Amino acid sequence: MKTENELVLSKADKNKAAARLLEMYEQMFLLRSYEEKIYFLFLEGVMPGTIHQSQGQEACAVGMLFDLRKEDYMTSTHRPAGHCLAKGVSLDSMMAEMFAKSTGCCKGKGGAMHTGDISVGAIPAIAITAGGMPVAVGVGLSCKMRRTDNVVVCFFGDGASNEGAFHEAMNAAAIWKLPVVFVCENNFYGASTHIKLVTNIENIADRASAYGMPGEVVEGNDVELVNEAATRAIARARKGEGPTIIELKTYRRCGHSRNDACAYRDKVEEKEWYAKDPLIISKNRILEEKYATAEELEQIEKRVLQRIEDAVEYAKNSPDPKPEDALEHVYAV
Amino acid sequence: MAKMSIAEALREAIREEMRRDERVFCLGEDIDIPGGFGGAFTVTLGLSKEFGHERILDTPISEIMIAGAAVGAAMTGMIPIADVQYGDFLFCMMDQLADNAAKMTYMSGGTVSVPMVMRAPVGATTRGAQHAQSLESFFTHVPGLKIICPSTAYDAKGLLKTAIRDKNPVVVFEHKLLYGSKGNRAEKSALSPVGEVPEEEYLIPFGEGVIRREGTDITIVANLLMVYRAMEAAEILEKEGISVEVIDPRTLVPFDYELVLSSIKKTSRLMIVEEDTRRNGWGAEVAAQIAEDGLYYLDAPIIRVATYDVPIPFAPVMENFVVPSAARIAEAARKLMKA
C-alpha cells in the first residue's frame with residue numbers, strides 16, 4: 001500500500017514527465033517543421049546556398065540539449081539547424097540568416113553551415129568534419145579554468161570519428177577531465193559512404209575505452225532515452241569527473257545535401273527507420289500515457305507552424321546586407 | 001634597463017601579462033615539464049613555478065588539438081598563448097588556424113572574437129627540411145590573422161604584449177638563431193642578440209616598422225634573421241661607397257607601407273630580403289604594393305633576395321647557399337646600383 005504522500009509525489013512526477021515530454025515534442029516538431037519549410041523554400045529557389053538537413057535526427061538535438069543552461073555551450077557541424085534551435089538560437093535570426101539578411105544570426109556572413117549565436121552558448125557551427133571537436137576541448141578547458149560548472153556538448157557525425165581531430169580532442173578532454181559531452185550522431189552515412197565500409201567496429205562509442213572515458217550507445221530516436229543519457233553525462237561533466245561519449249543511433253530522413261535522392265541507401269532500411277521516426281515515437285507515448293490528447297497536440301503543432309510562418313515573414317521583410325558590409329568583421333575591434 | 005635575450009624578453013612579456021590578467025595562459029608541448037626544456041627554445045622555462053601547471057599547460061603531441069583548444073578557449077573568455085616547437089608543425093594545425101581562428105569573427109558577423117596568440121620558431125638551422133621553414137607567407141595570405149616577427153629583445157617583449165592584448169588571433173614568428181637561448185638549448189650558429197629592455201611597461205603597436213640603419217642609396221626591407229644579414233651587407237657596402245637604409249617592418253600584417261614609401265623617396269631603390277622561399281612570398285606582395293603606390297619614386301626595378309625555391313637542405317654548405325647571406329645581399333645591391 002502506498003501512502004497518500006507517495007501517491008501525490010508520483011502524480012507530481014508524472015505531471016513533470018508529461019510536461020517535459022510535451023515540451024520536447026514541441027521542440028522536435030519545431031526543428032522538423034523549420035527544416036521542411038527551409039527545404040521547400042530552397043526548392044522554390046527563394047534561398048541561396050546549399051542545405052544539409054537533419055530531419056529524422058531531432059531527438060538527438062532536443063534530448064541532449066533540453067537541460068542545458070544558457071551559460072553552457074554547444075558545438076555543431078555542417079548540419080547545425082536542429083542543434084542551434086534546441087540550444088536557444090532565435091528562430092527569427094536563423095530564418096533571416098537562411099535568407100542571407102542583415103538581421104541573420106551571423107548578419108548574413110555565416111549562412112546555413114555556420115549558424116550559431118554565442119550569446120546563448122551556440123558556438124557558430126564549424127563545417128569542417130571533426131573541426132569543432134578540438135574547439136570543444138578549448139571551450140571545456142575555459143569552463144574549467146574559469147572555475148564554472150558549465151559544460152559543452154560537442155556534436156559530431158559518424159564520419160568525423162575517423163578524423164585525426166577526433167582522436168586528439170578525445171584524448172585531451174580525457175586526460176584533463178574536461179566537462180565535455182561528445183555526442184556522435186551516427187546516421188550510418190558519411191555523405192554517401194556507409195560507416196561499415198570505413199570502420200571496423202560496430203559502435204563508435206566503443207572507442208571511449210581507448211581514452212579511459214565512459215561510452216554509451218543509445219537509441220537516438222527516442223528523445224526520453226537520449227535525455228536520460230544526457231542527464232548522466234552532463235552531471236558527470238558538471239562534477240568535474242570528465243568527458244563521456246554518447247553515441248546516438250539515428251537516421252536522416254533527407255539527403256546529405258541538396259539534390260541527394262539517397263540512391264546509396266537500401267529502401268527496406270529506409271522504411272524501417274522511417275517507422276522509428278522520433279516524432280512518431282514521442283507522439284505515440286504522449287497519447288498512450290495520456291499526457292495530452294490528439295487535439296492538444298494539434299494545437300501545439302499549429303502554434304509552431306505559425307511561429308515558422310512569422311519567422312519567414314520577418315526574414316523576407318528584413319533588409320539585405322550592403323555589399324560593402326562584406327569588408328567588415330575581418331578583425332574584432 | 002635590463003639586458004635580455006629574445007627568449008628572456010618573450011618570457012618576461014608572458015610573465016607580466018599572466019600577472020596582469022588571469023585569463024592569460026600558455027599551452028604547448030614540453031613547455032614546462034620539470035627537468036624539461038621550457039619549450040623547444042626555453043621561452044616558457046620556469047614559468048610554472050609562479051603560475052602552476054594549470055596555467056602553463058603541457059599538452060600531448062596533438063597540434064590540431066592545441067590550436068583548436070586555443071580557439072575554443074579564446075572564444076569563451078580566456079586568452080591562450082599556444083606554442084609549437086618548430087614552425088613547420090603549424091601545417092598539422094592549419095585547418096584550426098585558417099578555418100577557425102581566422103574566420104570565426106567574420107563568420108559570426110563580428111559577434112565572436114578569438115584573442116589568441118600562436119608562437120612559432122622559424123629559420124634554417126641545419127635540422128633538415130622539416131624543422132627549417134620560414135612560414136610567414138602561408139599566414140600573411142589569410143584574412144583574419146595578424147602576423148608579427150620580432151627581431152630584437154625590445155621588440156619581442158613589446159610586440160608580444162600587444163599580441164596578448166589584441167582581440168584577434170596573432171601568429172608570432174620567432175627566429176631560432178635569434179633567441180639567445182642558454183644551456184644545451186643554445187643554437188650553435190646563433191647570433192644571440194642581447195638588447196636593452198626597459199623595466200617599465202611598454203607596448204609596441206602593430207604596423208609600425210623601424211629604420212635599423214639610415215642610408216641614402218638603397219632601401220632594404222628585411223625581417224627576423226635577415227635584418228642582421230642586411231645590416232652585415234650594409235657594412236660591407238658602406239666601404240664601397242654604397243649607403244644602405246635597413247627597414248625592419250616588425251609586423252607583416254598589418255604592414256608599414258608608409259615607412260617604406262618615405263624611405264624610397266630618399267633612396268629610389270628597393271630590395272626585399274626574406275628567408276621564406278621566394279615564389280609568392282610576402283616580399284612579392286610588398287614589391288607589388290610598392291609598385292602600385294610608389295613606382296615613380298624608383299629609379300630601378302624592385303628586387304627580392306630570398307631563399308631559393310627548394311626545401312631546406314641539411315648539409316651546412318648547401319643550407320648556407322640557399323638562404324640569403326650577407327654576401328649575396330651585397331652582390332644584389334651592387335647590381336641594383338648599376339640598374
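In what follows, every chain begins at residue 1, and chains take the letters A, B, ... in the order their sequences are listed. Owing to the predicted nature of the structure, the values given are computational and were not obtained by experimental measurement.
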Approximate separation, where rounding is to 0.5 Å, of [X] [atom1] and [Y] [atom2]:
X	Y	atom1	atom2	result
B:Asp99	A:Ile126	CG	CD1	9.5 Å
A:Glu328	B:Thr105	CD	OG1	13.0 Å
B:Leu57	A:Met145	CG	CE	6.5 Å
A:Ile123	B:Met75	CD1	CE	4.0 Å
B:Thr59	A:Ile175	OG1	CD1	8.0 Å
B:Ser108	A:His114	OG	NE2	11.0 Å

Problem - 4.5 Å side-chain heavy-atom contact, A:Ser142 and B:Phe25 - result: no

Problem - Any side-chain heavy-atom pair of B:Met107 and A:Cys106 under 4.5 Å - result: no

Practice task
Please look at A:Ala326 and chain B and tell me whether the side chain, the backbone, both or neither of the residue comes under 4.5 angstrom of a heavy atom of that chain.
Solution key: both

Decide if atom [atom1] of [X] counts as having more than 12 heavy atoms of other residues, nucleotides or ligands within a radius under 6.0 Å.
X	atom1	answer
B:Glu50	CD	yes
B:Ile33	CD1	yes
B:Phe51	CZ	yes
A:Glu71	CD	yes
A:Asp67	CG	yes
A:Arg69	CZ	yes
B:His141	NE2	no

Measuring heavy-atom distances to chain A, does [X] have an atom under 4.5 Å in its side chain, in its backbone, in both, or in neither?
X	value
B:Arg23	neither
B:Glu54	both
B:Lys146	both

Problem - Heavy-atom pairs under 4.5 Å with chain B, option from A:Cys143, A:Pro134, A:Pro321, A:Gly108 with the top count - result: A:Pro134

Completion exercise
Comparing A:Ile118, A:Thr75, A:Val137, A:Asp117 against chain B, the one with the most heavy-atom pairs below 4.5 Å turns out to be A:Ile118

Exercise for the section: Give the C-alpha distance, both sets of side-chain angles, the deciding distance and a yes or no for side chain to side chain contact (heavy atoms under 4.5 Å, CB included) between B:Ile66 and A:Glu168. Expected result: CA-CA 9 Å; B:Ile66 292 169; A:Glu168 294 192 15; over 6 Å; no

Give the minimum heavy-atom separation between [X] and [Y], together with the two atoms involved.
X	Y	result
B:Asn100	A:Val135	ND2-CG2, 3.6 Å
A:Gly131	B:Asp95	CA-OD2, 4.2 Å
B:Asn168	A:Ala332	OD1-N, 2.7 Å

Practice task
Select, from B:Ala102, B:Ser113, B:Gly144, the one with the greatest count of heavy-atom pairs under 4.5 Å involving chain A.
Solution key: B:Gly144

Exercise for the section: For B:Lys167 and A:Val333, indicate whether the former's side chain and the latter's backbone hold a donor-acceptor pair under 3.5 Å. Expected result: yes

Practice task
Using atom types as modelled and distance alone, determine if a side-chain donor or acceptor of A:Tyr331 lies under 3.5 Å from a backbone N or O of B:Leu145.
Solution key: yes

Problem - Working for side chain to side chain contact (heavy atoms under 4.5 Å, CB included), residues B:Thr111 and A:His329 - result: CA-CA 9 Å; B:Thr111 57; A:His329 302 133; over 6 Å; no

Problem - Steps toward side chain to side chain contact (heavy atoms under 4.5 Å, CB included) verdict (B:Ile64, A:Met133) - result: CA-CA 10 Å; B:Ile64 303 172; A:Met133 300 184 73; over 6 Å; no

